[in-house]
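Accompanying notes for the structure given below.
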Amino acid sequence: MKTTGFILALSSLANAHYTFPQLISNGVMTADWQYARQWTGVQSNGPVTDVTSTSIRCNVDGATKSAPGTMTVAAGSKIGFASNTKITHIGAMECYMTKVPEGHTVATWDGSGEVWFKIDEDHPIFGGASLQWPSLGIQNLSTTIPPSLPSGEYLIRVEHIALHNAQSVGGAQFYISCGQLNATGGGAGVPTPPVAFPGANKATDPGIQINPYYPIASDGPKSYTNPGPAVWKG
Ligand SMILES: *[C@@H]1O[C@H](CO)[C@@H](O)[C@H](O)[C@H]1NC(C)=O
Ligand SMILES: *[C@@H]1O[C@H](CO)[C@@H](O)[C@H](O)[C@H]1NC(C)=O
Ligand SMILES: [Cu+2]
């Protein structure tokens, strides 16, 4: 009986997790792992919890694995990531990009170094018993490729930072996926400020180690500081 209960508890935990296998462009869903890098252990749907590991960049082995395809997107157009299941945890959504350097292709670029910039982040809704985010219960996330982004090949990285257990160090859960893009029709923007993964986040950052249910009051917590750099408004 005990064992059964334990297995049930484990499987319901796994069901609560999610991955981002699909990109969405012009309202069209692409196939699973066609443009997003399929990471090692993807069947677990599990999160990354160590912000100092290389896995924080593109999930487990995602820095050195390539996706079969590179998706062409116009600068200024909408792009999305779809989760394999509804997002079941409260937490912040952030989106980053990095340009593939000369002499590399996006299929083999590992995204190392202080080369990532943030293109989007969302913010919580205040007033409930806990912090709430607009991503809770949805599957499709959407953002805009900055219009002045220089044309060329990029990795795009989405992270959903689940914070339901984040009151202790290492309790935040990072759900991460990296997609391979070829941006066209871009401009002469200079994305800034650049950060590295790992490096952009500390386990004790106030947006990562936080009790989203505190203070306990009918109108709940009233502030949240997104981790990472400022958004580049290209
Ligand atoms: C996600 O977006 C796609 C493409 O626009 C749409 O077909 C699909 O119904 C959406 N899924 C959900 C759960 O909203
Ligand atoms: C990216 O787009 C440019 C402009 O259309 C094209 O010349 C280039 O071959 C594309 N590269 C990839 C990898 O798709
Ligand atoms: Cu989970």
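Both ligands and their constituent atoms are indexed starting at 1 by order of listing.
If you run side-chain contact (heavy atoms from CB on, under 4.5 Å) between His160 and each of Pro47, Ser135, Ser177, only Ser135 comes through.
Contact between Gly27 and ligand 1 is present, with at least one heavy atom of the residue lying under 4.0 Å from the ligand.
Residues Ala75 and Pro147 share a closest heavy-atom pair of CB-O, 3.6 Å.
Of the protein's non-hydrogen atoms, the one nearest atom 7 (O) of ligand 1 is Met29 CG, 4.5 Å. Of the protein's non-hydrogen atoms, the one nearest atom 5 (O) of ligand 2 is Thr184 CG2, 4.0 Å. Summary of contacts: the protein heavy atom closest to atom 2 (O) of ligand 1 is Asn140 ND2, 2.2 Å.
Vertex the Cu ion (ligand 3); arms to His17 atom ND1 and His89 atom NE2; angle 170° (nearest 10°).
Close placement of the Tyr175 and His17 rings is indicated, their centers lying within 6.0 Å of each other. Aromatic ring centres of Trp232 and Phe117 lie closer together than 6.0 Å.
Taking the six-membered ring for Trp and thresholds of 30 and 60 degrees, His89 and Tyr18 have ring planes inclined between 30 and 60 degrees apart.
With ligand atoms numbered from 1 in the order given, ligand 2 contributes 13 (C) to contacts under 4.0 Å with heavy atoms of Glu153.
For atom 9 (O) of ligand 1, the nearest protein heavy atom is 4.0 Å or more away.
At least one N or O atom of Asn182 sits closer than 3.5 Å to an N or O atom of ligand 2.
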Counting only pairs under 3.5 Å, give me each side-chain donor-acceptor contact of residues 182-196, with atom names and distances, residues two or more places apart or in other chains.
from, atom 1, to, atom 2, distance (Å)
Thr184, OG1, Val73, O, 3.4

